[in-house]
Novice: 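First the structure, then my questions, so here it is.
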Amino acid sequence: MRPQAFITALVVYGKGSVIRTGTLGRVLATLDAAGIAHDELPGARPNPEVGLVREGIAVARKAKVDLILAVGGGSTIDTAKAIAVGVPYEGDVWDLFANKAQPVAAGKPPVACVLTIPAAGSEASASCVITNDELQLKRGLSTELHRPVIAFMDPELTFTLPPYQTAAGVTDMIAHIMERYFSSVRPHPCDR
């Protein structure tokens, strides 16, 4: 039986690093201490897949969550964003990414982030990218509805990353900076 709480959160995270480093445990303990009830959705992966998003939507609807909390990097945050816009939509969430429907604000829970990587960018952007393995497609959706309401960024959490992830993050930041610098398109489509 869930304890009486004023707020219910869906905590979305990946496949293990936030568990191994103790970050998830600290986040869950903080929610418990604040009296915030929570359900968990593990398994966010690089190139987040729509199947987990669909599962998260079902959990969020059943629990009537007030907040979706992503704990991790960009893929976890994108998973949380897609869940949030999918909660009020009656059809399949992939319709939003296939431009068959438009997301709506009414009934959409806000997204918050506990960021563990310094190069995600998703914690501040209005974009979200989801993969559909069945269709072998990867699609993005940009809407102000995706923008998280708050992001917690403790620099010490970045020390838990393997050196490869740190290097990949630096490379990603440089690529995005150069993309904007050398692009002749103004404003740049990624600046939304």
Side-chain angles (χ1 to χ4, degrees), residues 1-14 18 24 27-28 30-32 34-115 120-152 189-192:
M1 177 117 187
R2 181 191 302 256
Q4 180 65 25
F6 294 106
I7 296 174
T8 302
L10 174 61
V11 181
V12 180
Y13 55 94
V18 294
L24 180 65
V27 168
L28 296 179
T30 301
L31 294 175
D32 290 339
I36 298 173
H38 50 83
D39 285 296
E40 297 176 36
L41 183 70
R45 66 166 213 211
N47 298 309
E49 213 278 325
V50 72
L52 186 65
V53 172
R54 290 174 179 136
E55 184 180 332
I57 291 167
V59 172
R61 286 176 178 164
K62 182 177 180 188
K64 297 181 178 153
V65 300
D66 303 294
L67 174 75
I68 301 185
L69 177 61
V71 181
S75 295
T76 300
I77 297 168
D78 278 5
T79 301
K81 288 177 176 184
I83 292 168
V85 297
V87 166
Y89 180 62
E90 293 299 322
D92 180 36
V93 69
W94 186 253
D95 293 347
L96 302 173
F97 290 86
N99 293 315
K100 294 180 181 176
Q102 294 298 312
V104 296
K108 182 196 123 352
V111 174
C113 312
V114 175
L115 195 62
S122 190
E123 76 281 358
S125 81
S127 298
C128 173
V129 178
I130 297 296
T131 301
N132 187 321
D133 287 349
E134 182 183 339
L135 300 176
Q136 297 184 344
L137 293 172
K138 184 175 180 178
R139 295 274 170 87
L141 175 63
S142 290
T143 171
E144 282 301 313
L145 297 174
H146 279 320
R147 203 173 298 278
V149 295
I150 193 166
F152 299 94
C190 293
D191 292 337
R192 287 190 258 161

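Because the structure is a prediction, the values reported are computed rather than measured.
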Novice: Does the D39 side chain pair with the main chain of L10, one donor and one acceptor, at a distance under 3.5 Å?
Specialist: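 Answer holds: no.
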Novice: Testing the basics here: between V65 and P109, what is the closest heavy-atom pair and its distance to 0.1 Å?
Specialist: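 Here V65 and P109 meet closest at O-CB, 4.1 Å.
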Novice: So which heavy atom on V11 is nearest to which on Y13, and how close?
Specialist: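 Heavy atoms only, the tightest pair is O-CD2, 3.9 Å.
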Novice: Would you confirm whether E123, through its side chain, and G121, through its main-chain N or O, come within 3.5 Å as a donor-acceptor pair?
Specialist: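 A pair under 3.5 Å: yes.
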Novice: Specify the closest pair of heavy atoms between P88 and V104, including all atoms of both residues, with the distance to one decimal.
Specialist: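 P88 and V104 have their closest heavy atoms at CG-O, 3.9 Å.
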Novice: Could you measure the distance from the OG1 atom of T79 to the CD atom of E55? Nearest 0.5 Å is fine.
Specialist: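 Interatomic distance, T79 OG1 to E55 CD, rounded to 0.5 Å: 11.0 Å.
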Novice: So, taking the atom named OG in S125 and the one named CG in D78, what distance separates them when rounded to the nearest 0.5 Å?
Specialist: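 Taking OG in S125 and CG in D78, the distance rounds to 6.5 Å.
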Novice: Do you know which two heavy atoms are closest between A84 and V111, and how far apart they sit?
Specialist: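 Closest heavy-atom pair between A84 and V111: CB-CG2, 3.6 Å.
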Novice: Can you name the residues that form a side chain to side chain contact (heavy atoms under 4.5 Å, CB included) with S75, not counting sequence neighbours?
Specialist: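 Expected list: P46, P48.
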Novice: Between R61 and V87, is there a donor-acceptor pair closer than 3.5 Å when you use the side chain of the first and the backbone of the second?
Specialist: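 Between the backbone of V87 and the side chain of R61 there is a qualifying donor-acceptor contact (under 3.5 Å).
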Novice: Out of curiosity, S127 OG to H146 NE2, how far, rounded to the nearest 0.5 Å?
Specialist: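 Here the interatomic distance stands at 7.5 Å.
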Novice: So, do I77 and L115 sit near enough that their side-chain heavy atoms are less than 4.5 Å apart?
Specialist: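 Answer yes - side chains close enough.
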Novice: Hey, could you give me each pair passing salt bridge (charged side-chain N to carboxylate O under 4.0 Å, His left out) that has a residue in residues 84-101? Not counting sequence neighbours.
Specialist: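 Passing the test, one end in residues 84-101: R54-D92.
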Novice: Can you measure from CZ (F97) to CG (L135) and round to the nearest 0.5 angstrom?
Specialist: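 That separation rounds to 13.5 Å.
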Novice: Verify the distance criterion only: is there a donor paired with an acceptor across the side chains of T143 and K81 at less than 3.5 Å?
Specialist: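 No, no side-chain donor-acceptor contact under 3.5 Å.
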Novice: Enter the distance from N132:CG to W94:CH2 here, rounded to the nearest 0.5 Å.
Specialist: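 Going from the CG atom of N132 to the CH2 atom of W94 covers 4.5 Å.
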Novice: Roughly how far apart are L69 CG and I36 CD1, rounded to 0.5 Å?
Specialist: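 If we round to the nearest 0.5 Å, L69:CG and I36:CD1 are 8.5 Å apart.
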Novice: So, for A80 and I68, which heavy atoms are closest and what is the spacing to 0.1 Å?
Specialist: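 A80 and I68 have their closest heavy atoms at CB-CG2, 3.6 Å.
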Novice: Do H38 and D32 have side-chain atoms, one donor and one acceptor, less than 3.5 Å apart?
Specialist: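 Yes - a donor-acceptor pair under 3.5 Å links their side chains.
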Novice: Could you walk me through whether T76 and V18 pass the side chain to side chain contact (heavy atoms under 4.5 Å, CB included) check?
Specialist: CA-CA 11 Å; T76 300; V18 294; over 6 Å; no
Novice: Would you sort out whether K108 and V85 count as a side chain to side chain contact (heavy atoms under 4.5 Å, CB included), showing the intermediate values?
Specialist: CA-CA 6 Å; K108 182 196 123 352; V85 297; 4.0 Å; yes
Novice: Can you sort out the partners of R45 under side chain to side chain contact (heavy atoms under 4.5 Å, CB included), two or more places apart, ordered by chain and number?
Specialist: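 Checked R45 against side chain to side chain contact (heavy atoms under 4.5 Å, CB included); matches are K15, E49, T131, D133.
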Novice: Which atom names give the shortest non-hydrogen contact between A105 and L145, and what distance separates them?
Specialist: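 Looking at all heavy atoms of both residues, the shortest contact is CB-CD2, 3.6 Å.
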